[in-house]
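Below is one structure; the comments refer to it alone.
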Amino acid sequence: MDDATRMVHAAKAKGNSPHAVNPPVVRASTVLFPDITTMRDYRQRRTTGERLFSYGARGTPSSMALEDALCELEQGDRAFLYPSGLAALGAVFLAYTRPGDHVAIIDTAYPPVRRLAENYFKPRGVEVSFFPPETEALRDVMRPNTRLVLAECPGSNSFDMIDVPAMAAIARKHGALLAVDNTWSAGVFFKPLQHGADISIQAATKYICGHSDVMMGAVVTREAAYRPIFDLNSDFGICVSPDDCYTALRGLRSLKSRLETHERSALKIARWLEQRSDVATVLHPALESFAGHELWQRDFTGSSGLFAFRLAAPLNKRSDEFVDALSLFGIGASWGGYESLALPLSLGSTTLSTADEVVIRLHIGLESVDDLIQDIASAFGTIGRDGVTGAT
Ligand SMILES: *Cc1c(COP(=O)(O)O)cnc(C)c1O
């Protein structure tokens with residue numbers, strides 16, 4: 001079945017009598033049991049990894065419905081929820097590493113991951129290596145004590161593609177788990193667990209929620225890898241509000257059709273930009289000109305609405321002004337909502353050769369693509385015109 005169908009039917013409310021289409025929001029701390037024996041039985045079954053509605057922090061029917069739908073989306077066995085995407089990334093580090101272990105992190109990982117590594121994991125005795133987004137580079141940093149590899153595909157801001165199955169094989173050979181940040185594909189266009197990864201992570205804040213109004217992170221694992229993160233969530237009391245779960249599940253219903261529009265519009269704009277003489281490069285994995293295009297073509301079934309481009313010199317010094325000149329594009333962190341966004345970004349937080357360069361990252365929303373192109377064209381007009389007379 002296609003994702004569009006699966007996301008409409010996943011985790012629907014059940015029952016023979018008339019009932020609402022959607023599973024209800026169940027708010028709970030205390031869960032009442034009919035007698036002590038039943039309560040003890042539930043507690044016992046929890047220790048074996050069973051997911052049971054037994055206390056608010058152990059999950060509610062609302063969070064479990066969302067987890068079930070996420071397992072279908074990512075083709076995984078177990079799903080876990082967090083108050084943000086970054087919290088999900090931190091939880092993965094915490095669950096799967098102990099002092100003395102080594103973690104390999106891709107250079108193109110979501111940049112705040114570096115802070116987690118430097119400020120929390122290194123000081124607690126976890127060895128950390130960063131590696132460039134290439135298969136051989138991962139092979140070079142692997143150690144006998146490597147327990148976890150964190151990759152992201154395509155990479156944050158640079159959009160570098162990687163060979164996930166090849167990296168999964170390296171991790172497996174060393175007895176390490178491969179976790180992939182899958183936020184860009186939304187789980188629709190890429191299924192890391194079907195390509196050898198053990199853990200898929202998403203900032204559900206982005207496309208899954210899709211309306212710029214909820215923070216949430218999701219981790220989906222294979223059955224063989226779920227236990228450490230299941231224990232972490234119960235030991236730390238990590239849980240997510242049922243209202244947010246309800247909203248995220250509602251987002252999943254329309255995920256595929258929203259992404260089809262994001263994809264079509266972003267590609268049209270990327271191709272339009274690529275032909276302009278005032279644009280140096282367009283970083284979009286679905287463009288034939290992009291370095292990692294063949295990997296994208298092999299492993300992905302589509303592309304989402306986020307990509308970047310570089311202005312040609314000397315205009316590239318005016319990326320800030322370019323973004324200010326746009327009127328339909330919002331300026332702000334995050335992406336994946338229904339609205340378009342633009343941000344000048346330096347790739348400086350990575351060790352890539354392109355480190356000094358500024359790119360303009362666009363998130364193409366659900367507006368009419370022709371209106372967006374007109375807006376971008378007028379921003380080119382503004383900085384181009386000023387460029388003739390003004391000093392830069
Ligand atoms: C935004 C983002 C995150 C963090 O998500 P939050 O919900 O904002 O914490 C993680 N990974 C990637 C690739 C992201 O783009």
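Order of appearance sets the numbers: ligands from 1, and atoms from 1 within every ligand.
For ligand 1, the atoms closer than 4.0 angstrom to any heavy atom of Gly85 are 4 (C), 5 (O), 6 (P), 7 (O), 9 (O). Distances below 4.0 Å separate heavy atoms of Thr183 from the following atoms of ligand 1: 11 (N), 12 (C), 13 (C). Under a 4.0 Å criterion applied to the non-hydrogen atoms of Ser84, ligand 1 contributes the atoms 7 (O), 9 (O). Each of the following atoms of ligand 1 lies closer than 4.0 Å to a heavy atom of Glu152: 13 (C). Atom numbering of ligand 1 starts at 1 in the shown order; those under 4.0 Å from a heavy atom of Ser156 are 13 (C).
Closest to atom 1 (C) of ligand 1 by heavy atom, among Met215, Lys206, Met216, is Lys206. With Trp184, Trp335, Tyr110 as candidates, the residue nearest to atom 10 (C) of ligand 1 on a non-hydrogen basis is Tyr110. Distances from atom 12 (C) of ligand 1 to the heavy atoms of Asp181, Thr205, Asn157 show the closest one on Asp181.
Taking the six-membered ring where the residue is Trp, His195 and Phe190 present tilted rings, their angle falling between 30° and 60°.
Every pair passing ring pair (Phe, Tyr, Trp, His ring centres under 6.0 Å) that includes a residue from residues 213-257 is listed here, sequence neighbours excluded: Tyr226-Phe230.
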- Ile376 and Trp272: CA distance, side-chain angles, deciding distance, side-chain contact (heavy atoms from CB on, under 4.5 Å) verdict: CA-CA 10 Å; Ile376 300 170; Trp272 178 83; 3.6 Å; yes
- Message: Checking Ile383 against Leu315 for the side-chain contact (heavy atoms from CB on, under 4.5 Å) test, could you report, in this order, the C-alpha distance in whole Å, the side-chain angles of both residues, the deciding distance, and whether it holds?
- Response: CA-CA 8 Å; Ile383 62 163; Leu315 278 185; 3.8 Å; yes
- Task: Walk me through it: do Glu127 and Arg143 pass the test salt bridge (charged side-chain N to carboxylate O under 4.0 Å, His left out)?
- Result: CA-CA 10 Å; Glu127 299 166 24; Arg143 300 178 189 171; 2.5 Å; yes
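For a threshold of 3.5 Å applied to N or O pairs, the pair formed by Ser334 and ligand 1 contains no separation below that value.
Residue His363 forms a ring-ring contact (aromatic ring centres under 6.0 Å, His included) with just one option from Tyr338, Phe307, Tyr207, and that option is Tyr207.
Distances from ligand 1 to the non-hydrogen atoms of Gly217 include no value under 4.0 Å.
Nearest protein heavy-atom neighbour of atom 5 (O) of ligand 1: Ala203 CB, 3.1 Å. Distance from atom 9 (O) of ligand 1 to its nearest protein heavy atom, with residue and atom name: Leu86 N, 2.9 Å.
Relative to the ring axis of Phe53, Arg58 does not place its NZ or CZ within 45° and under 6.0 Å from the centre.
Residues that satisfy the ring-ring contact (aromatic ring centres under 6.0 Å, His included) test with Tyr120, not counting sequence neighbours, are absent from this structure.
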